[in-house]
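Take a look at the structure set out below.
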Protein chains: 2
Amino acid sequence: MSNLSTTSDDILASTRNLLISGGYNGFSYADISEIVGIRKASIHHHFPSKVDLVRELVKRYREDGQASVAVLEQKVPNALDILKAYANHWAACIEDSSRPYCVCAMLASELPSLPTEVATEVTNFFRFISSWLALVMERGSKQGELSLTSAPHVEAETFLATVYGAMLSARAYGKPEVFSMILEPALNRLTPTVSH
Amino acid sequence: MSNLSTTSDDILASTRNLLISGGYNGFSYADISEIVGIRKASIHHHFPSKVDLVRELVKRYREDGQASVAVLEQKVPNALDILKAYANHWAACIEDSSRPYCVCAMLASELPSLPTEVATEVTNFFRFISSWLALVMERGSKQGELSLTSAPHVEAETFLATVYGAMLSARAYGKPEVFSMILEPALNRLTPTVSH
DNA sequence: TTTAAACTACCAACTAGTAGGAAGATAAAA
DNA sequence: TTTTATCTTCCTACTAGTTGGTAGTTTAAA
């Protein structure tokens, strides 16, 4: 049994959890130190400043997302199935309350008050997700796997807004099932009607 | 020219602006005191604690919302026009950056880390908007002013999620026009097709 | 003369961040 | 092989500034 987790990873993991629950100003180095079990000053060794810490977290969050997307695209050929898998990923996270909110949704809502380095990284994340979804929409439309009523990039933004809005609603009501309740008809709308 | 603004109202107004930009933990009594032009301690005279201040703010935010909805319902008979007016309200706020984000969207994302008194008030706000929209959907559907593809309460949640998701996207990209880009097709989808 | 609303002057707790050092591992020079 | 130097990781101890909040006082209007 090897020890694969480094202290730096533990710090990032606890930062992610704290960030998801209370945002950028909702946690401190003291909070992290309690969870990870090292002293405050030791965190500064790994991440000199809070900006460094959160910037790195968001950067990796995007990179991990890009990697997951690559795997998904390889495994699942059908565009509609990709959208369903993406929705199901969040539905599962919210319902088992493992990662019940997106780090970047949290930070995006605080965007005007964030340090610019962090804000830039957050914007980059949304640009990535959005352009990926636009590609999925376009391909799915061409291959008859998706039925679009607007331009692919508009459908992408609509879908993204629905996912993130549903995430917020689930949190606001304290009812995880609200997410799926909203996503199900949204996906149905994109499903092509069977012609015979 | 009478002075209609009280100190207490000034405090609430600056709290709202600070809250919209950085959330519950993103502002302090010192910030408010600088803007309003009174000493920190004087704010405590009007609102003994931060919880009192934000709870009162959210309570009034909901009450103002309920009043606006009542006026809207009286002025605008058609259900689709009501939804359009609601969307236009937010589009205008975002585009002229007067109130570019909803106080309760901000607080809802921080919900798990909020004082329970505030959290309850935030949940109440969403319940109010949601049940109002459900009523609009149901009435509009019955009178042929809206074309629904799901149950009224599901359409209401979908519309709400779209509005709040679009709000987040506009903020994330720093592009106010994204809001209308998303809302336009969402409203089109609810528009009945003219039969002839 | 009572009362509301502002004030000055605090407070303890917490904030991000720094200085400097101890312990161990690694690696290169003797 | 031993010594010396460097690097990593963590530590204790500290700082300057901020946080929400309190105690007691003045001011001005009813």
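Letters A, B, ... are given to chains in the order of the sequence lines, protein chains preceding strands, and every chain is numbered from 1.
With sequence neighbours left out, the ring pair (Phe, Tyr, Trp, His ring centres under 6.0 Å) criterion links Tyr173(B) to no other residue. By the side chain to side chain donor-acceptor pair (under 3.5 Å) test, Trp132(A) is found to be paired with Glu73(A), residues two or more places apart in sequence or in another chain being considered. Partners of Glu121(B) under the salt bridge (charged side-chain N to carboxylate O under 4.0 Å, His left out) rule, at least two apart in sequence or in another chain, are Arg62(B). Asp31(B) pairs by the salt bridge (charged side-chain N to carboxylate O under 4.0 Å, His left out) definition with nothing, not counting sequence neighbours. Under the rule for a salt bridge (charged side-chain N to carboxylate O under 4.0 Å, His left out), Arg39(A) has no partner lying at least two apart in sequence or in another chain. With sequence neighbours left out, Glu110(B) forms a salt bridge (charged side-chain N to carboxylate O under 4.0 Å, His left out) with no residue at all.
Salt bridge present: Arg60(A) and Asp9(A) bring a charged side-chain N and a carboxylate O closer than 4.0 Å.
Residues in residues 177-191 of chain B take part in these salt bridge (Lys or Arg N to Asp or Glu O under 4.0 Å) pairs, two or more places apart or across chains: Glu155(B)-Arg189(B). Listed by first and then second residue, the ring pair (Phe, Tyr, Trp, His ring centres under 6.0 Å) pairs that reach into residues 30-81 of chain B are Tyr29(B)-His44(B), Tyr61(B)-Phe125(B), sequence neighbours excluded. Legend: ring pair (Phe, Tyr, Trp, His ring centres under 6.0 Å) pairs involving residues 135-169 of chain B, not counting sequence neighbours, sorted by first then second residue: Phe126(B)-Tyr164(B).
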If a protein heavy atom is under 4.0 Å from the base, mark B; if only from the sugar-phosphate, S; if neither, -; do that for nucleotides 7-21 of chain D going 5' to 3'.
-SBSBBB-----SBB
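Two end axes, each from the C1' atoms of five base pairs, can be drawn for the helix from dT1(C)-dA30(D) to dA29(C)-dT2(D); they diverge by 10°, to 10 degrees.
Note that the first and last nucleotides of DNA chain C, 5' to 3', having any atom under 4.0 angstrom from a heavy atom of chain B are dA4(C) to dA9(C).
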